[in-house]
Amino acid sequence: MRFYYNLMSKIYNVPKYNGSLLVLMYHEVQKDNIEIESWTVVKQSEFEKQMIYLMKCFTIVSLDEALKLISTKNPLTKNYVVITFDDGYSGNYEVVYPFITKHTIPIAIYVATRACKENILYWYDEIIEILQGKKDYFIDLRNFNNKTYRIKASKSGENKWTMIQEILEDLKKLKLEERGSAVKAIVSQLHDDQIDSSKLSHLTVNEIKELSESPLVTIGAHSHCHNLLPSITYDMALNSIIESKQLLEKWISESVIHFSYPNGDYDANIVDILKQSGFNSSMTTRPGYWQRNDSLFEIPRLGIGRYDSIDKFKYIVMRPK
């Protein structure tokens with residue numbers, strides 16, 4: 001194992017003296033028989049292989065343990081990793097929780113509270129789900145961005161996801177009201193393709209409460225609205241951040257002091273809101289090692305998705321960019 005590690009360290013530029021700290025970002029994990037083309041949904045078998053690899057080659061620590069490690073001046077003597085989940089999907093409870101309990105793996109879950117409170121999907125999940133059929137799709141958004149989109153039935157896997165992702169990224173660029181209208185237009189155009197049962201769902205309040213009672217689980221906030229916070233008004237961002245914190249604290253009867261930026265988007269105003277609202281840290285989507293000179297409100301993370309094979313996963317965690 002030591003020879004293998006030394007070899008991988010040379011190939012993948014891992015710190016020479018075992019001194020590193022990484023944060024991994026997941027979203028949802030579902031059973032292998034759930035067929036869905038979405039980068040955010042990792043298969044259970046792949047997730048378990050990834051965790052087993054981390055248990056062998058890294059020291060998995062909780063978010064609070066990592067914050068203590070990064071705040072001291074003592075050199076890191078091991079390769080540490082923190083496991084986080086964004087949004088608060090039901091698979092975090094149904095699939096992830098039993099596994100991490102069995103193997104004593106600490107995790108942090110950042111919950112976007114509106115979906116949990118109202119039992120709804122956010123707009124991006126609506127679009128993902130409506131495009132899951134094995135058929136040709138045509139979407140006309142010329143009234144919004146002068147673009148049309150075609151997803152062919154012959155496309156599957158990561159190729160299909162690339163096409164879905166293009167639509168999602170273009171929708172994110174629209175102003176809030178325009179995006180709402182564009183999403184409604186897509187749903188209207190594809191009304192015959194709406195699914196009978198949702199493949200995506202969010203945690204219930206009771207599930208969040210139960211998760212919070214585990215010493216292995218840290219509950220953090222991920223806003224209430226899950227909009228790109230710098231793209232909405234200051235007051236809207238402030239209200240969304242505070243509401244998510246207050247709801248979670250009511251649900252779990254504990255202080256919520258950690259945050260994750262929706263889509264990784266933030267600016268100085270958002271950071272100020274977090275500090276003034278009583279948060280101690282926040283996660284970005286900027287890849288790389290977590291360094292001591294990083295602001296605690298700009299912690300980097302490596303995203304892990306459905307199409308990352310175990311070999312690709314090993315490469316990602318051994319050589320963060």
Side-chain angles (χ1 to χ4, degrees), residues 1-15 17-36 38-66 69 76-110 157-158 203 207 210-211 214-219 283 287-290 299-321:
M1 178 60 70
R2 174 57 54 186
F3 171 78
Y4 171 78
Y5 177 80
N6 290 339
L7 177 61
M8 295 296 283
S9 295
K10 292 178 181 178
I11 294 173
Y12 295 137
N13 194 29
V14 175
Y17 296 106
N18 269 7
S20 68
L21 179 54
L22 290 175
V23 184
L24 300 186
M25 175 186 66
Y26 291 87
H27 290 79
E28 173 66 311
V29 179
Q30 290 191 354
K31 295 179 180 180
D32 288 17
N33 63 353
I34 304 297
E35 295 185 6
I36 183 169
S38 174
W39 180 84
T40 56
V41 182
V42 175
K43 291 183 179 180
Q44 179 179 4
S45 61
E46 292 300 315
F47 174 75
E48 292 180 358
K49 284 189 285 187
Q50 292 164 6
M51 292 302 104
I52 291 169
Y53 172 76
L54 292 178
M55 285 189 286
K56 290 179 179 178
C57 299
F58 288 76
T59 299
I60 306 175
V61 294
S62 70
L63 175 57
D64 287 331
E65 288 176 302
L69 286 168
L76 299 176
T77 58
K78 300 177 181 179
N79 286 323
Y80 298 96
V81 63
V82 181
I83 312 298
T84 70
F85 295 81
D86 276 7
D87 292 351
Y89 287 104
S90 59
N92 294 181
Y93 176 83
E94 296 168 359
V95 179
V96 174
Y97 185 44
F99 184 83
I100 64 110
T101 299
K102 177 180 178 180
H103 295 280
T104 321
I105 298 173
I107 63 172
I109 301 175
Y110 295 97
E158 192 168 6
L203 294 166
E207 288 169 344
E210 183 178 341
L211 286 166
S214 168
L216 295 171
V217 180
T218 299
I219 298 295
M283 294 288 171
Y289 289 112
W290 183 359
I299 300 171
R301 286 189 298 176
L302 305 177
I304 306 299
R306 186 177 188 87
Y307 308 108
D308 297 328
S309 66
I310 186 61
D311 288 334
K312 184 177 179 181
F313 174 82
K314 292 176 182 178
Y315 179 88
I316 290 171
V317 300
M318 295 294 276
R319 192 181 180 184
K321 296 180 179 179

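- Between Val41 and Tyr89, the closest side-chain pair of non-hydrogen atoms is not below 4.5 Å.
- Residues Pro106 and Ile60 form a side-chain contact, since some pair of their non-hydrogen atoms from C-beta on lies under 4.5 Å apart.
- The shortest side-chain heavy-atom distance between Leu302 and Met25 does not fall under the 4.5 Å cut-off.
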message: Walk me through whether Asn92 and Val217 qualify under side-chain contact (heavy atoms from CB on, under 4.5 Å).
response: CA-CA 11 Å; Asn92 294 181; Val217 180; over 6 Å; no
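- Between Leu22 and Tyr289, some side-chain heavy-atom pair lies under the 4.5 Å cut-off.
- A donor-acceptor contact shorter than 3.5 Å links the side chain of Thr84 to the backbone of Leu24.
- Closest non-hydrogen pair, Gln50 versus Asp308, comes out as NE2-O, 3.7 Å.
- In this structure, the separation between CG on Leu69 and OG1 on Thr59 is 9.5 Å, given to the nearest 0.5 Å.
- The aromatic rings of Tyr93 and Tyr97 sit parallel, their planes meeting at an angle under 30°, below the 60° perpendicular limit.
- Atom OG1 of Thr218 is separated from atom CD1 of Ile109 by 9.0 Å, given to the nearest 0.5 angstrom.
- Contact record, Ile105 with Leu216: O-CB, 3.9 Å, taken as the closest heavy-atom pair.
- At distances below 3.5 Å, not a single donor-acceptor pair connects side-chain atoms of Arg306 with backbone N or O atoms of Ser38.
- To the nearest 0.5 Å, the span separating NZ on Lys102 from CD1 on Ile100 amounts to 13.0 Å.
- Minimum heavy-atom separation, Ser45 to Asp32: OG-OD2, 2.6 Å.
- Judged by distance alone, with hydrogens and angles left aside, the side-chain atoms of Glu65 form a donor-acceptor pair with the main-chain N or O of Ser62 at under 3.5 Å.
- Of all heavy-atom pairs spanning Phe313 and Tyr26, the tightest one is CE1-OH, 3.5 Å.
- Between Met283 and Asp86 there is no side-chain heavy-atom pair separated by less than 4.5 Å.
- For the side-chain hydrogen bond (donor to acceptor under 3.5 Å, both in side chains) criterion with Glu46, the lone passing option out of Lys49, Lys43, Gln44 is Lys49.
- The closest side-chain heavy-atom distance from Thr40 to Asp87 is not below 4.5 Å.
- Using a 4.5 Å heavy-atom threshold, the side chains of Phe58 and Met318 count as touching.
- No side-chain heavy atom of Val317 sits less than 4.5 Å from a side-chain heavy atom of Val81.
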